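Here is the structure we will look at, set down as structure tokens.
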Amino acid sequence: MAFKRIIPNLLLKDGEFYTSYKFRKLLYIGDSANILNIFNKKCIDELVITPVSYVNEKSLIDDIRQISKFCFVPLSINGALHDLFSVKTLLDSGVERVFFHRSIFTHNNSLIESVATLYGTQAVGISLVIKRTLLKGVYKFYNNSLRKFLSDDENFNLTSLLSRKLHSEILITNLTKDGTYNGFGEYDILQKFTKEKVIVSGGVSSYEEIQELLEIESVSAVAASSLFAYAGLNQGVLINYPNEKSIERKRSSCL
């Protein structure tokens with residue numbers, strides 16, 4: 001069994017790293033090479049990169065291939081890749097896994113199927129976004145590409161896809177809490193994934209909350225961005241990461 005992980009999840013735009021506030025306001029962290037150098041020295045478990053605002057996939061591929069040269073830990077890409085050629089190019093250049101978001105809501109999951117067949121399920125991740133509704137104040141799954149909540153048909157297709165076990169882990173991001181430091185909070189939604197390996201992200205408030213989340217059996221990792229990028233009363237950029245003494249790393253017993 002693998003140890004549970006703690007993962008910086010950084011937004012990538014034009015080759016530079018950012019965090020965000022509810023996925024709307026981007027906050028600049030720094031040059032990707034410099035930030036990676038610091039994280040490498042801190043011996044992070046893994047790195048997830050979420051691309052934003054890329055007009056074409058070629059520019060994205062070029063930036064990620066350049067980043068992979070400086071990244072000395074497992075590297076995953078969250079979203080933004082929509083064809084097999086682009087996914088193959090990155091996986092062949094050293095990227096360990098691709099998390100799919102937009103592709104999971106269609107009835108045709110051929111891209112996910114092809115990647116799982118060619119590289120194995122360990123190269124496939126599912127990226128889910130949850131958001132609180134305005135009227136009832138409950139959390140529902142959200143299509144961040146189309147900026148809308150999932151329809152009944154899309155929810156059915158998602159359930160069907162997950163049952164096929166083409167993926168290795170599910171990344172669940174709380175859009176409502178992103179960048180707020182108010183805590184991930186939505187523990188009830190994790191009860192739907194007791195037989196999955198789940199990475200939780202969005203609103204993680206502290207190292208103490210990371211410890212609490214890692215105690216949940218289905219949680220195989222906790223991802224955060226702002227928490228690892230800022231510190232101090234004025235929230236200045238200060239790259240940080242918990243050491244082995246500050247957070248206990250238990251082994252994952254997830255299926």
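FYI, side chains are in, hydrogens and waters are out, and symmetry mates aren't considered; it's all heavy atoms of this structure. These numbers were taken from a predicted model, which means no experiment stands behind them.
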side-chain contact (heavy atoms from CB on, under 4.5 Å) for Leu190 and Ile172? Distances and angles first, verdict last. CA-CA 9 Å; Leu190 300 178; Ile172 299 179; 4.2 Å; yes
Test item: Ser160 side-chain N/O and Phe156 main-chain N/O as donor-acceptor pair under 3.5 Å: no
With a 3.5 Å distance limit and no angle check, can you tell me whether Asp178 reaches the backbone of Phe23 through a side-chain donor-acceptor pair? yes
Is it true that, when you exclude Tyr28 itself, more than 12 heavy atoms of the residues, nucleotides or ligands shown sit nearer than 6.0 Å to its OH? yes
Please find the pair of heavy atoms, one from Thr180 and one from Gly203, that lie closest to each other, and give the distance. OG1-CA, 4.2 Å
Results of salt bridge (Lys or Arg N to Asp or Glu O under 4.0 Å) for Asp62 - residues two or more places apart only: Lys58
Rounded distance [0.5 Å steps], OG in Ser225 versus CG in Asn9: 6.0 Å
Stepwise, does the side-chain contact (heavy atoms from CB on, under 4.5 Å) test hold for Leu227 with Tyr207? CA-CA 9 Å; Leu227 181 64; Tyr207 287 3; 4.2 Å; yes
Between Glu169 (side chain) and Ser220 (backbone), is there a donor-acceptor pair under 3.5 Å? no
With a 4.0 Å cut-off on N to O distance, would you call Glu217 and Lys195 a salt bridge? no
Taking the side chain as C-beta and beyond, is there a heavy-atom pair between Val222 and Phe184 under 4.5 Å? no
Please report the shortest heavy-atom distance between Pro8 and Leu47, naming the atom on each side. O-CD1, 3.4 Å
Euclidean distance, Lys42 NZ relative to Asn243 CG, rounded to 0.5 Å: 9.0 Å
Can you confirm whether Leu128 sits close enough to Leu171 that some side-chain heavy atom of one is under 4.5 Å from a side-chain heavy atom of the other? no
Please report the closest heavy-atom contact between Phe228 and Pro242, naming both atoms and the distance. CE2-CD, 3.7 Å
Crowding at NZ, Lys165 (>12 non-hydrogen neighbours, <6.0 Å): yes
Please find the pair of heavy atoms, one from Leu111 and one from Asp83, that lie closest to each other, and give the distance. CD1-C, 3.8 Å
How about Ser76 and Phe99: do any of their side-chain heavy atoms sit closer than 4.5 Å? yes
With heavy-atom distances below 4.5 Å as the criterion, would you say the side chains of His101 and Asn143 are in contact? yes
Please tell me whether Leu175 and Phe141 are part of a single hydrophobic cluster in this structure, the criterion being side-chain heavy atoms less than 4.5 Å apart. no
Donor-acceptor under 3.5 Å (Ser32 side chain, Gly15 main chain): yes
Indicate yes or no: at least one non-hydrogen side-chain atom of Arg102 is less than 4.5 angstrom from one of His82. yes
Indicate if Val95 and Ile199 have the same hydrophobic cluster label, given that clusters are the connected sets of ILVMFWY residues with side-chain heavy-atom separations under 4.5 angstrom. no
Say whether Asp14 and Tyr54, considering side chains only, have a donor N or O and an acceptor N or O under 3.5 Å apart. no
Minimum-distance pair of heavy atoms, taken over all atoms of Gly79 and Pro51: O-CD, 4.1 Å
Is there side-chain contact between Val73 and Phe39, with heavy atoms separated by less than 4.5 Å? no
Can any side-chain N or O of Ser127 pair as donor or acceptor with the backbone N or O of Phe100 at less than 3.5 Å? no
Could you tell me whether the side chain of Tyr18 and the main chain of Lys13 form a donor-acceptor pair under 3.5 Å? no
To the nearest 0.5 Å, tell me how far Ile29 CD1 sits from Glu16 CD. 11.0 Å
Shared ILVMFWY cluster between Tyr139 and Val204, side chains joined below 4.5 angstrom? yes
Let's go through Ile130 and Thr173 carefully: what are the C-alpha distance in whole Å and the side-chain angles of both, what is the deciding distance for side-chain contact (heavy atoms from CB on, under 4.5 Å) to 0.1 Å, and is it a yes or a no? CA-CA 6 Å; Ile130 58 174; Thr173 302; over 6 Å; no
Using side-chain heavy atoms (C-beta onward) and a distance below 4.5 Å, is Ile170 in contact with Lys197? no
Which pair of heavy atoms, one from Ser218 and one from Thr194, lies closest together, and at what distance? CB-CA, 4.1 Å
Under the side-chain contact (heavy atoms from CB on, under 4.5 Å) criterion, do Leu161 and Ile126 qualify, and how do the steps go? CA-CA 10 Å; Leu161 173 64; Ile126 300 298; 4.1 Å; yes
Separation of Leu26 CG from Ser53 OG (nearest 0.5 Å): 6.0 Å
Hey, are Glu215 and Lys4 close enough for a salt bridge, meaning a charged N less than 4.0 Å from a carboxylate O? no
Test your reading of the model: is there a side-chain donor-acceptor pair from Tyr181 to the backbone of Ser226, 3.5 Å cut-off? yes
Is there a chain of hydrophobic side chains (I, L, V, M, F, W, Y, each step under 4.5 Å between heavy atoms) that links Val200 to Tyr241? yes
Please tell me if the side chains of Gln122 and Arg97 come closer than 4.5 Å, counting only heavy atoms from C-beta onward. no
Sub-3.5 Å donor-acceptor pair from the side chain of Thr176 to the main-chain atoms of Arg132, do we have one? yes
How long is the straight-line distance from CG of Asn182 back to CG of Asn174, given to the nearest 0.5 Å? 10.0 Å
Is it the case that the side chain of Asn37 and the backbone of Ala33 share a donor-acceptor pair, with hydrogens and angles ignored and the cut-off at 3.5 Å? no
Hey, is the main chain of Val98 close enough, under 3.5 Å, to the side chain of Asn78 for a donor-acceptor pair? no
When rounded to the nearest 0.5 angstrom, what distance separates SG in Cys71 from CD1 in Ile64? 11.0 Å
Test of understanding: clusters of I, L, V, M, F, W, Y form through side-chain heavy atoms closer than 4.5 Å, transitively. Do Leu162 and Leu150 belong to the same one? yes
